[in-house]
J.: 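Here it is, the structure, as structure tokens.
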There are 2 protein chains.
Amino acid sequence: MPEDREVTIYDIAKYLNLSAATVSRGLNDNPMISKTTRKKIVDAAKSLGYQSNTFASSLRSKQTHTLGVLVPRLNSHFMSSVLAGMEDVANRHGYNLIIAQSLEDVEKEKLNAATMFNKRVDGLLISLSYNTKEITHLDPFFQRKIPVVFFDRVPPHNESTSIVINNFSAAYAITKHLIEQGCSRIMHLGGNVLRNVYQERLNGYQQALRDYNLPFIEQFHLTSTLSEQAGTDAARYILDLPPEERPDAVFSANDTAAVYCMLALKAEGLRIPEDVAFAGFNNDPISRVIEPNLTTIDYPGDIVGNTAATNIINHLKGLSNLYTTNSITLRADLVIRASSLKTNYKN
Amino acid sequence: MPEDREVTIYDIAKYLNLSAATVSRGLNDNPMISKTTRKKIVDAAKSLGYQSNTFASSLRSKQTHTLGVLVPRLNSHFMSSVLAGMEDVANRHGYNLIIAQSLEDVEKEKLNAATMFNKRVDGLLISLSYNTKEITHLDPFFQRKIPVVFFDRVPPHNESTSIVINNFSAAYAITKHLIEQGCSRIMHLGGNVLRNVYQERLNGYQQALRDYNLPFIEQFHLTSTLSEQAGTDAARYILDLPPEERPDAVFSANDTAAVYCMLALKAEGLRIPEDVAFAGFNNDPISRVIEPNLTTIDYPGDIVGNTAATNIINHLKGLSNLYTTNSITLRADLVIRASSLKTNYKN
DNA sequence: TATAAAAATGCAATCGGTTGCGCCTTTCTC
DNA sequence: GAGAAAGGCGCAACCGATTGCATTTTTATA
């Protein structure tokens, strides 16, 4: 017995006195094959230790059962939750994930997109890098009608499906909440407005101010990468203001910046929320560790990943049509915690 | 011009009046082909918009340039850092990552391993699930001599290469540090000792106790999944002890449990580190948010991922031989922070 | 029972690179 | 300048599954 050669459908065919074609069809549950024959084939395959060769299959069928996932960074709580959600769905449906990160660099994003295209992924799930301005590098996918689903950081006016939350209303809700707590000088730590998520959060914040007749103070809008350092810097910025010109609340577009800003302010003796109320975004684990706990928006990564993967797979299986769906908006609730509770407001 | 057919090496061959074989060799930098011809081929490929078909290639060459990564969970800071490190190296060397999670379930681990084997990954990078007892499901890899590299949670007495840190000495160092701070009743929150990492951390802790003539108190060794809940439960356990029987320090095998234990104890008015000193493990972001900041072991996930990927790729490229390397131990330093500083000890 | 219709199976081309082997040129050596 | 060695390239088989179409077998219909 030749230990080292792989078992192929030809071996099964020979073993059962059938043709390779029949075996192939039998293994793929082709209704053209009779039940009895199919069973014999499946049994034989099992007993012979057959493993289908995905290359041969993909070469011919042009299907890879592989999804490409391209994200800015792998190592954030949100993104790893997204991936976990995707992996779960994909795995359940017999799909594999090829994952790559752009490290917030358009060039790397282009390269990775090209690789995935070349690897003939059946679909692409992508969240754009910090400075991606246009998505012409995805044209090959569009041309070949390979489904692309954007999530979180999506391009403006695109025809592909996007999985998002309503960043505008989430930001609106959080700003409204701060206002209702009695805050009137609300600072916003925002990200690059090139990215929809940050633009929309900014818009929601501004709209809430308008609706409550509060002025939008230019110096209270800081743009950064929302890193730890950015949070610390924002604190420095606040501390450098004369006390009477300081904000009485800070709404940060992510939890990291909020938390590091809080830490720095606390270190200088400011009280939270008495002196400055705080709100973040994402519901990162650190938001439940900082004291006081951080009010935030629960942005459920696993559900985002789940939804994105489910939709693209359903499209691939012909169960639905992505091209008719423009965007799917998931709910993202305001989670009120102590960092913003100036009054004895109860949830 | 047939818009829809892919450009193949045959097109290039025809275009240049060469054979497909030469084109193939030329594209693969085969020295058998002259420099001039090679350049012509590469140029033609570019201008014709050629994209190599990886299936055809893999089918024949039996190489996929794909690495399988199998982890317990994707969504922890440590693991996502590991993945980021791996992705970076892999990408740089033209390898892709297929990532799957076992969700701490052996059965899912087996299934995923089988899928990856079937997808013919060139190598497997794996960290075992919480309750994996044996690794016979990896035998197919061993039999076909597909390199397997374990990291973090590695099997005992295995012949494959493992990327680890010295959990024993890290735990020893941290326990020693607590003892030097004057603690003598040190509790240990540990994980399942089936997993090397937890067993070794327990051993290091015990050895330090012995070396300093401190008794190992059975009730001070709690085993759990080290989740947030487990941390909270541990706090409850401590609070339920009569004050004089309580520990004066807690060494947790991860930061999550440590932090949630701290939070719960603080809520009950215990002072840290005065009443109970704390130390964790991993250097998770939350360790720098909790107040006081948590003393911990810096377990650098990105370096682990980087090392694992580099080693397996070098092996695949024939630049080194994994089979001669049994294990690679990375440094993991003690990071002393306020949670354990009872004296005015300076780093 | 003959015949049409339907079901089941086989034939053989195909997907697109890869590679052992052989053939034809150069280049080198004495 | 003859013979050997090296260099450059092509032939054709191959990797293993898929699939349109032809063929055979079975079932249904008259």
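Quick note on labels: first sequence line is chain A, next is B, and so on, each numbered from 1. As the structure is a computational prediction, the values presented were derived from the model and not from experiment.
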J.: Quick one: ring pair (Phe, Tyr, Trp, His ring centres under 6.0 Å) partners of Phe117(B), sequence neighbours excluded?
T.: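 Result, ring pair (Phe, Tyr, Trp, His ring centres under 6.0 Å) vs Phe117(B): Phe141(B).
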J.: Counting only side-chain N and O atoms of Ser24(B), is one of them less than 4.0 Å from OP1 or OP2 of dG17(C)?
T.: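 No, Ser24(B) has no side-chain N/O under 4.0 Å of OP1/OP2 on dG17(C).
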J.: Under the salt bridge (charged side-chain N to carboxylate O under 4.0 Å, His left out) criterion, do Glu104(A) and Arg195(A) qualify, and how do the steps go?
T.: CA-CA 12 Å; Glu104(A) 302 288 12; Arg195(A) 291 279 68 83; over 6 Å; no
J.: In whole angstrom, give the distance that lies between atom CZ of Phe55(B) and atom P of dT18(C).
T.: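 In whole Å, dT18(C) P and Phe55(B) CZ are 14 Å from each other.
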J.: For Tyr50(A) and dG16(D), is the shortest distance between a side-chain N/O and OP1 or OP2 below 4.0 Å?
T.: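 The answer is no; no side-chain N or O of Tyr50(A) sits under 4.0 Å from OP1 or OP2.
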J.: Is there a donor in the side chain of Asp88(B) and an acceptor in the side chain of Asn306(B), or the other way round, less than 3.5 Å apart?
T.: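 Note: Asp88(B) and Asn306(B) side chains miss the donor-acceptor criterion.
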J.: Check this one for me: any side-chain N or O of Asn28(B) less than 4.0 Å away from OP1 or OP2 of dT18(C)?
T.: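 It does, given that an N or O in the side chain of Asn28(B) lies less than 4.0 Å from OP1 or OP2 of dT18(C).
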J.: Using whole Å, report how far NE2 of His65(B) lies from P of dT18(C).
T.: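 Between P of dT18(C) and NE2 of His65(B): 9 Å.
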J.: Starting at atom CD1 of Ile9(A), determine the distance to atom P of dC15(D), rounded to an integer number of angstrom.
T.: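 Going from Ile9(A) (CD1) to dC15(D) (P), I get 13 Å.
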J.: Please report the distance, rounded to the nearest Å, between CG in Asn53(A) and C1' in dG16(D).
T.: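 Asn53(A) atom CG is separated from dG16(D) atom C1' by 6 Å.
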J.: Report which part of the nucleic acid Gln51(B) touches: base, sugar-phosphate, or nothing (heavy-atom distance under 4.0 Å, all strands).
T.: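 Answer is sugar-phosphate: Gln51(B) comes under 4.0 Å of backbone atoms only.
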J.: Under a 4.0 Å N-O cut-off, is there an ion pair linking Lys108(B) with Glu87(A)?
T.: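 A salt bridge is present here (some side-chain N lies under 4.0 Å from a carboxylate O).
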J.: Between Asn96(B) and Thr66(B) (side chain of the first, backbone of the second, donor and acceptor by atom type, cut-off under 3.5 Å), is there such a pair?
T.: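 No; zero donor-acceptor contacts below 3.5 Å.
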J.: Quick one: Ile12(B) CD1 to dT18(C) C1', roughly how many Å, whole number?
T.: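 Computing the Ile12(B):CD1 to dT18(C):C1' distance gives 15 Å.
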J.: Sugar-phosphate means primed atoms, P, OP1 and OP2; the rest is base. With that split, encode nucleotides 9-14 of chain D 5' to 3' as B, S or - using protein heavy atoms under 4.0 Å.
T.: BBBBBB
J.: Please tell me which of the listed nucleotides, dT18(C), dG17(C), dT18(D), lies nearest to the side chain of Ser61(B)?
T.: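 Closest nucleotide to the Ser61(B) side chain: dT18(C).
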J.: Could you state the CG-P distance from Asn30(A) to dT19(D), rounded to the nearest angstrom?
T.: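 In whole Å, dT19(D) P and Asn30(A) CG are 9 Å from each other.
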J.: Considering only NZ, NE, NH1 and NH2 on the basic side and carboxylate oxygens on the acidic side, decide whether Glu6(B) and Arg120(A) come within less than 4.0 Å.
T.: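 Yes, this pair counts.
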J.: Residues in ring pair (Phe, Tyr, Trp, His ring centres under 6.0 Å) with His65(B), at least two apart?
T.: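 Only Tyr95(B) meet the ring pair (Phe, Tyr, Trp, His ring centres under 6.0 Å) criterion with His65(B).
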J.: How close or far is atom C1' of dG10(C) from atom CD1 of Ile41(A), stated in whole angstroms?
T.: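 One finds 12 Å between C1' of dG10(C) and CD1 of Ile41(A), rounded.
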